[in-house]
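Have a look at the structure below before the remarks.
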Amino acid sequence: MTRSQLITKISQNTGLQEAQVELVMDDMVENVINTLKQGEKVTIAGFGRFEMRTRKTKSFTNPKTKVSSQLEPTVIPGFKASGIFKSRLGCKE
């Protein structure tokens, strides 16, 4: 499902205009991003948790040159689905 399809679906389900749904969705995403930038987690009950995660140093070898190198540790965004979310999808914990 694309972003525009999601906006249309929510609009149909709620009776809100697509423009209103788009504004709310954009604001939600912006708030999640800003909160993560501040080093905080965002938890949405029944859905999951967004957080910044540190990725460890990773070694790799260039297949053409056979030269080994390392990727520096970095911080990336991550998502962990809640138990309720997983159970509604039929996933086993």
Side-chain angles (χ1 to χ4, degrees):
M1 177 176 279
T2 66
R3 179 181 183 276
S4 60
Q5 290 170 329
L6 182 59
I7 290 169
T8 300
K9 184 74 172 164
I10 293 171
S11 175
Q12 291 168 350
N13 291 346
T14 62
L16 296 172
Q17 294 178 2
E18 286 188 18
Q20 292 173 309
V21 173
E22 185 174 14
L23 281 173
V24 170
M25 199 162 102
D26 288 345
D27 194 52
M28 185 188 104
V29 169
E30 195 62 34
N31 276 285
V32 169
I33 290 169
N34 289 335
T35 302
L36 292 175
K37 279 183 180 179
Q38 295 171 7
E40 298 177 43
K41 297 176 185 178
V42 176
T43 302
I44 302 171
F47 185 67
R49 181 179 67 231
F50 295 92
E51 62 189 354
M52 296 304 289
R53 298 180 180 158
T54 302
R55 186 166 40 187
K56 297 177 184 177
T57 302
K58 189 184 274 186
S59 299
F60 70 96
T61 303
N62 183 326
K64 288 184 180 180
T65 63
K66 307 293 185 208
V67 174
S68 293
S69 298
Q70 285 193 335
L71 290 175
E72 294 299 317
T74 186
V75 179
I76 57 170
F79 175 76
K80 178 171 172 94
S82 75
I84 294 170
F85 185 84
K86 290 180 201 175
S87 68
R88 289 189 64 187
L89 289 172
C91 300
K92 295 180 181 176
E93 298 233 8

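Panel note: side chain S11, backbone I7; no donor-acceptor pair is recorded below 3.5 Å.
L6 and V29 are not part of a single hydrophobic cluster, where members link through side-chain heavy atoms under 4.5 Å apart. Under a hydrophobic-cluster definition in which Ile, Leu, Val, Met, Phe, Trp and Tyr are linked whenever side-chain heavy atoms come within less than 4.5 Å, directly or via other members, L89 and M1 are assigned to different clusters. Taken together through direct or relayed side-chain contacts under 4.5 Å among Ile, Leu, Val, Met, Phe, Trp and Tyr, M25 and L23 form parts of separate hydrophobic clusters. Cluster membership for M52 and L71, using ILVMFWY side-chain heavy atoms within less than 4.5 angstrom, is not shared.
The shortest non-hydrogen separation linking R55 to I76 is NH2-CG2, 3.8 Å. Counting all heavy atoms, side chain and backbone alike, G46 lies closest to S82 at C-OG, 3.2 Å.
For the pair V24 and Q20, the minimum side-chain heavy-atom distance is 4.5 Å or more. Residues S59 and Q70 form a side-chain contact, since some pair of their non-hydrogen atoms from C-beta on lies under 4.5 Å apart.
In this structure, CE on M28 lies 10.0 Å from CD1 on I33, to the nearest 0.5 angstrom. Atom CD in E40 sits 10.5 Å away from atom CG in N34 (nearest 0.5 Å). Note that the CG atom of L36 and the CG atom of N31 stand 10.5 Å from one another [nearest 0.5 Å]. A distance of 9.0 Å separates CD1 in I84 from CZ in R88, rounded to the nearest 0.5 Å.
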Subject >> Stepwise side-chain contact (heavy atoms from CB on, under 4.5 Å) test for K41 and K80 >> reply: CA-CA 11 Å; K41 297 176 185 178; K80 178 171 172 94; over 6 Å; no
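Relative ring orientation between F79 and F85 is described as perpendicular, the plane-to-plane angle rising above 60° on a 0-90° scale split at 30° and 60°.
Applying the salt bridge (charged side-chain N to carboxylate O under 4.0 Å, His left out) test to pairs two or more places apart or on separate chains, those with a residue in residues 12-34 are R3-E22, R3-D26.
Counted within 6.0 Å of CD on Q5, heavy atoms from surrounding residues, nucleotides or ligands total more than 12; the atom is thus considered enclosed.
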